[in-house]
There are 2 protein chains.
Amino acid sequence: MARIKTDDKNLSRKDVIVTKAASLFREKGFKAASMRDLAEAVGVEAASLYNHIKSKTELLHDLCFNVANRFMHKIDEIEAEPISAIEKIEKLLRFHITEMIEHYEEVYVSDREWKHLEDPYLSNFQNQRRLYRKRFAAIIEAGIGQKEVKEIDAPTAVLIMLHAITGIESWHRSTQKISAEALEDNMITILVGGLTNR
Amino acid sequence: MARIKTDDKNLSRKDVIVTKAASLFREKGFKAASMRDLAEAVGVEAASLYNHIKSKTELLHDLCFNVANRFMHKIDEIEAEPISAIEKIEKLLRFHITEMIEHYEEVYVSDREWKHLEDPYLSNFQNQRRLYRKRFAAIIEAGIGQKEVKEIDAPTAVLIMLHAITGIESWHRSTQKISAEALEDNMITILVGGLTNR
DNA sequence: AATTGTTGCTAACATACGTTAGTTAATTAT
DNA sequence: ATAATTAACTAACGTATGTTAGCAACAATT
């Protein structure tokens with residue numbers, strides 16, 4: 001009888017399932033990925049998954065909120081630091097970029113598939129998202145007040161920054177990748193360069 | 001018996017269906033949007049749709065290639081113009097932005113749901129996409145050669161530009177929108193500003 | 001008015017999906 | 001070694017989905 005290999009390392013069987021789910025949801029999309037697909041990826045029968053999880057949406061829920069929490073904690077941290085607005089923006093962007101490089105599939109799924117969450121989690125997630133963008137915009141506004149940042153519409157700048165970073169998706173799948181460090185530096189050059197005054 | 005209203009204006013009944021499909025696919029995603037949903041939006045029974053279309057994927061196919069063709073024609077046009085690289089980049093970006101503002105749902109669906117195309121259309125679409133990005137990158141490379149553009153990795157810059165523009169999705173749904181013109185100018189300021197040398 | 005093609009309807013089929021029930025095997029604790 | 005718990009399996013249910021067949025109502029043409 002095929003058991004789920006946890007590869008030791010404190011991983012619960014659920015963790016294994018969630019990780020495989022991230023990969024599958026990224027590849028096919030949440031709706032198009034079936035529990036039978038997931039079972040096959042895990043190496044087990046579909047029904048067996050339900051010894052470890054409550055439902056398919058629970059998987060999406062876990063993925064989305066894990067990611068959201070990491071970003072929320074980071075922005076808490078950065079807001080509290082005694083540095084300039086531009087430095088805060090750069091730090092936040094670098095965090096987004098490394099998250100996208102290192103936890104590609106989870107971050108991607110969280111970003112693209114959250115629509116398929118069900119209330120009350122859906123509203124909850126949307127609220128967190130809105131709040132996060134407001135806080136990011138507030139940092140940019142502060143930078144504009146300080147004349148560090150060009151006089152642009154802050155919410156628009158936030159959209160650009162956040163969406164630009166999802167472009168890393170294509171980097172991941174591209175055949176001739178530049179290094180992760182080069183990618184990060186290029187992105188910062190363009191994005192921070194686009195905001196900075198002079 | 002409920003007929004599909006074409007609102008005169010040379011619209012075929014299929015055009016009406018494709019347009020409603022764009023809206024529905026945008027809202028729910030291709031897989032999650034059912035033909036029965038679409039039928040309801042059109043005001044007809046699900047089976048009746050098949051008097052006008054061949055299949056659900058044909059709808060996606062039409063949407064994706066309509067959009068792809070528009071962008072391909074535009075880049076043909078811009079490449080041929082005797083203007084500087086930066087001007088070409090700005091023109092191309094402005095085209096992307098207005099397309100995203102005016103044909104929001106089609107462009108969005110084409111961008112996010114093409115994965116659900118089936119071969120040979122899938123490969124075809126992917127090839128067009130790759131080619132388009134290569135041509136865009138080549139314009140940026142030319143700009144770098146001319147010292148108009150910062151020394152950055154051109155493919156990375158393309159990713160940033162293209163993904164940044166999909167951020168207009170959020171602008172569309174936001175409650176307190178700035179004007180379309182202001183949006184466009186802000187985006188150009190940030191994006192072109194991020195590329196330009198000095 | 002009769003005819004012909006178009007567009008709608010109802011009914012249904014086959015398939016795929018998420019999930020549950022009940023049972024057996026494997027692991028852990030006593 | 002035995003008992004208890006965990007995790008796998010097979011089978012199946014109910015529902016939703018894309019699509020087809022066959023027929024009725026409408027519109028356009030003669």
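So that the names make sense, note that chain A is the first sequence line, chain B the second, and so on, each numbered from 1.
Rounded to whole angstrom, the span from the CD1 atom of B/I17 across to the P atom of D/dT19 amounts to 13 Å. Here D/dG18 presents its C1' atom at 15 Å from NE2 of B/H116, a figure rounded to the nearest Å. Between B/N51 atom CG and D/dA21 atom C1' there is a gap of 12 Å when expressed in whole angstrom units. Residue A/K14 contributes atom NZ, which lies 16 Å from atom C1' of D/dA7 at whole-angstrom precision. Between the CG atom of B/L49 and the C1' atom of C/dC9 there is a distance of 12 Å, rounded to whole Å.
Axis deviation across the helix from C/dA1-D/dT30 to C/dT30-D/dA1 amounts to 10°, comparing end segments of five pairs, rounded to 10 degrees.
Hydrophobic cluster membership differs between A/F25 and A/V67, with clusters built from Ile, Leu, Val, Met, Phe, Trp and Tyr side chains linked at under 4.5 angstrom.
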Item to check | side chain to side chain donor-acceptor pair (under 3.5 Å) assessment of A/S55 paired with A/E58 | outcome: CA-CA 5 Å; A/S55 66; A/E58 189 204 15; 5.3 Å; no

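Under the side-chain contact (heavy atoms from CB on, under 4.5 Å) rule, A/I160 has a single partner from B/I190, B/I165, B/N186, which is B/I190. Evaluated for a side-chain contact (heavy atoms from CB on, under 4.5 Å) with A/F136, the options A/L93, A/L131, A/L159, A/I78 yield exactly one hit, A/L93.
Contact annotation: A/H52 reaches the phosphate of D/dA8 (side-chain N/O to OP1 or OP2, under 4.0 Å). Proximity of A/R13 to the phosphate of D/dT6: no side-chain N or O atom is located under 4.0 Å from OP1 or OP2. Considering only side-chain N and O atoms, B/S48 lies under 4.0 angstrom from the phosphate OP1 or OP2 of C/dC9.
Side-chain atoms of A/H61 do not come within 3.5 Å of backbone N or O of A/T57 as any donor-acceptor pair. Put simply, the side chain of B/E113 gets close to the backbone of B/F30: a donor and an acceptor are under 3.5 Å apart.
Closest approach of B/I139 to B/A85, counting heavy atoms only: O-CB, 3.7 Å.
A cation-pi arrangement is not found for A/K115 relative to A/F125, the charged atom failing to lie both closer than 6.0 Å to the ring centre and inside a 45° cone about the ring normal. The cationic atom of B/K74 (NZ for Lys, CZ for Arg) does not lie both less than 6.0 Å from the six-membered ring centre of B/Y132 and within 45° of the ring axis.
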All N/O contacts under 3.5 Å from nucleotides 15-21 of chain C to the protein, with atom names and distances to one decimal?
from	atom 1	to	atom 2	distance (Å)
C/dG18	OP1	A/K56	NZ	2.7
C/dG18	OP2	A/M35	N	2.6
C/dG18	N7	A/R36	NH1	2.9
C/dG18	O6	A/R36	NH2	3.0
C/dT19	OP2	A/Y50	OH	2.5
C/dT19	OP2	A/K56	N	2.9
C/dT19	O5'	A/Y50	OH	3.4

